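Worksheet for the structure shown next.
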Amino acid sequence: GELELRNPNDRVLEGALEFPLTEAQSVVGFALDINGELRPAVPVDKARGRQVFEDVTRTRVDPALLEATQGRHHRLRVYPLPAQGSRRVVLEIAETLEPTRPGAARWRLPLQFGGPVGQLDLQARFAGLSPQAVHATLGATPLAASPGPDGARLELRRERLMPRGGTGGARDGAAELRVDLSSLAAGGPRATSARWRDQDWFYAEVPADLRSAPRRAPARVALLWDASGSGAGRDHSREFALLDAWLRGLNQVQIQLVLVRDTAEAPETFEVRRGDWRALRERLQRVAYDGATALSAMRVPAGVDQALLFSDGLGNYGEGGLPASPVPLFAVQAATGGDTNALRRVAEASGGALLELLRTDTDAALRQLREQPTRLSGLSADGAEDLELESPLPVHGRWVIAGRLTRPEARITLETTPPTGRLRTQTIAVQAATGTTTGEVARIAAPLAAWRWATLRLARLQTEPERHRQAIRRLGRDFGLVTPETSLIVLDTVADYVRHEIEPPASLLAEYRTQVAR
């Protein structure tokens, strides 16, 4: 995406842009316009990048820095923004689309702006698809696709968009653009491979065994409700829709409601009979969202046999992460930019699951609550190493695997355990790519297979960030990822890169080496 950062003031300022990403998205690069040409960024250790940015701004030359802040949130800083002027920045975001059914997938673009937007123009092209295969909505408003030169085209223009809770502008200003694509190639397992930095990488999606068994209906449930300031940004309408559908299916259940901010409040007890949860709903609607978030306070109380956690997974108070749960815990994620990885790990470790309400509908989330799915219990390979798995539970109907090939052809073996029945074994073959590649999309540093392996490895390492700080740093630098330990930076001149000992992009590398040699 191309952004123009404008400065309406009469003095030079620094520009900053903060934005969240979904779990399926990663920043794979950005570039800053310097003298009419786009200069790509390079990876740097996070602390070092911040120090260099501050040093360079004091000399009033052109740096730009992109860093991760918390969870899936990022911050882009650009200096200088000239008085009454602007700077051009290009952000590159790679994303894997979520399958909704065989031959269909969904793409989402959050449009939850932090302030009023005077005008929004958006164009999307879908190569090889007809307009009839593209079904788009902006909030509840349907949008029609039109024919383009190489497929379908979607154009959107909105004026005076207001953020969530704003007034006087377009009602869909805080909505999201959702595009459902059909007529895609369907079938069995899919695998792709690529050569990257003298290594062969593969990425595979394998249709999951979707056999399941009903879960035992709980009699006592803990409802952990994140009532901190960030909780106001969750989509409570989706949360309430899930609770309504689930509780209507239970004959009788006792709910222990625990509101959590910097500390956990004493549990409040609600008896729900024949799906009547009006008292609980009214209490949740009266929650005041303020204060800090202590993840360590989100502890499941004793005496319950199931738990639901409604939170974005981001903590900013105290030490420690989400506590382990002694009973199956279902983490409900209804906010863009939360720490989905942390929520997924704590839920799956307890025998529960992550319910991503922004990526799935209420019926699908309800099935996860009611049914115990097949688990991937074993993963091995002949001809491949460093295997990474997105989740041992099916995610959108498939298992996602990536790894490094050690032979031209590898065989990946999956062992699955359904809740009822015997263990099953499935084997897929993966071929190494022929030739070399620098990426399927212009300027993306790593090709799909290598990038997906790196993002899956990063998700696993971040479950214990202090223990794996060095490994996270190496991964970010090797694959050009924005991580808690690495950032992306653009500097003005070759001399700036030499002075700060940062290797520049390829176009400046020869001059950089010459100056270093001197």
Side-chain angles (χ1 to χ4, degrees), residues 16-25 27 67-76 93 108-117 120 138-140 161-178 223-243 257-265 281 283-295 297-298 308-318 321-322 330-344 346-347 354-362 365:
L17 171 70
E18 297 190 13
F19 59 95
L21 295 179
T22 69
E23 180 68 12
Q25 297 173 329
V27 175
E67 58 184 359
T69 53
Q70 189 181 32
R72 304 291 296 164
H73 290 265
H74 295 70
R75 179 188 296 119
L76 173 66
I93 298 174
R108 295 171 38 241
L109 180 65
L111 297 175
Q112 298 174 356
F113 297 105
V117 175
L120 171 69
L138 180 65
L161 272 77
M162 303 299 293
R164 185 183 297 273
T167 59
R171 292 176 61 88
D172 53 14
E176 71 171 11
L177 175 67
R178 178 174 294 190
L223 188 61
L224 304 176
W225 194 267
D226 185 347
S228 63
S230 63
R234 304 199 311 267
D235 191 333
H236 301 303
S237 63
R238 294 177 189 259
E239 295 175 335
F240 287 179
L242 176 62
L243 282 173
L257 173 64
V258 180
L259 301 182
V260 183
R261 296 181 180 88
D262 57 327
T263 60
E265 296 185 7
R281 182 179 187 127
R283 176 66 183 94
L284 293 175
Q285 290 174 330
R286 295 197 308 270
V287 170
Y289 295 93
D290 56 23
T293 309
L295 294 179
M298 297 181 185
L308 274 70
L309 168 63
F310 290 78
S311 174
D312 58 12
L314 300 177
N316 56 11
Y317 183 82
L322 292 168
F330 294 85
V332 183
Q333 162 72 307
T336 302
D339 194 342
T340 307
N341 180 52
L343 294 171
R344 182 192 301 279
V346 72
L354 170 68
L355 312 182
E356 297 181 86
L357 298 188
L358 296 185
R359 297 183 67 187
T360 190
D361 56 29
T362 299

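Since the model is a prediction, treat every value here as computed from it, not as a measurement. Residues take their numbers from the sequence shown, with the count starting at 1.
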Practice task
Answer yes or no: is there a side-chain heavy-atom contact under 4.5 Å between L284 and E239?
Solution key: no
Problem - Residue pair L242 / V332, side-chain heavy-atom distance below 4.5 Å - result: yes
Practice task
Check the pair H74 / V27 against side chain to side chain contact (heavy atoms under 4.5 Å, CB included), numbers first and verdict last.
Solution key: CA-CA 9 Å; H74 295 70; V27 175; 4.2 Å; yes
Practice task
Check whether any side-chain heavy atom of L322 sits under 4.5 Å from a side-chain heavy atom of D339, and report yes or no.
Solution key: no
Exercise for the section: Please tell me if the side chains of L309 and M298 come closer than 4.5 Å, counting only heavy atoms from C-beta onward. Expected result: yes
Problem - Value rounded to 0.5 Å, distance of CG in L314 from NE2 in H73 - result: 5.5 Å
Practice task
Mark yes when over 12 heavy atoms from residues, nucleotides or ligands other than F240 sit less than 6.0 Å from its CZ; otherwise mark no.
Solution key: yes
Practice task
With sequence neighbours excluded, tell me which residues meet ring pair (Phe, Tyr, Trp, His ring centres under 6.0 Å) with F310.
Solution key: W225
Practice task
Look only at the side chain of R108 and the backbone of L358, and say whether a donor-acceptor pair between them is shorter than 3.5 Å.
Solution key: yes
Exercise for the section: Before accepting this row, confirm whether a basic side-chain N of the pair D290/R261 lies closer than 4.0 Å to the acidic partner's carboxylate O. Expected result: yes
Problem - Minimum side-chain heavy-atom gap Q333-R344 below 4.5 Å - result: no
Exercise for the section: State the OG1-CG distance between T293 and D226, to the nearest 0.5 angstrom. Expected result: 4.5 Å
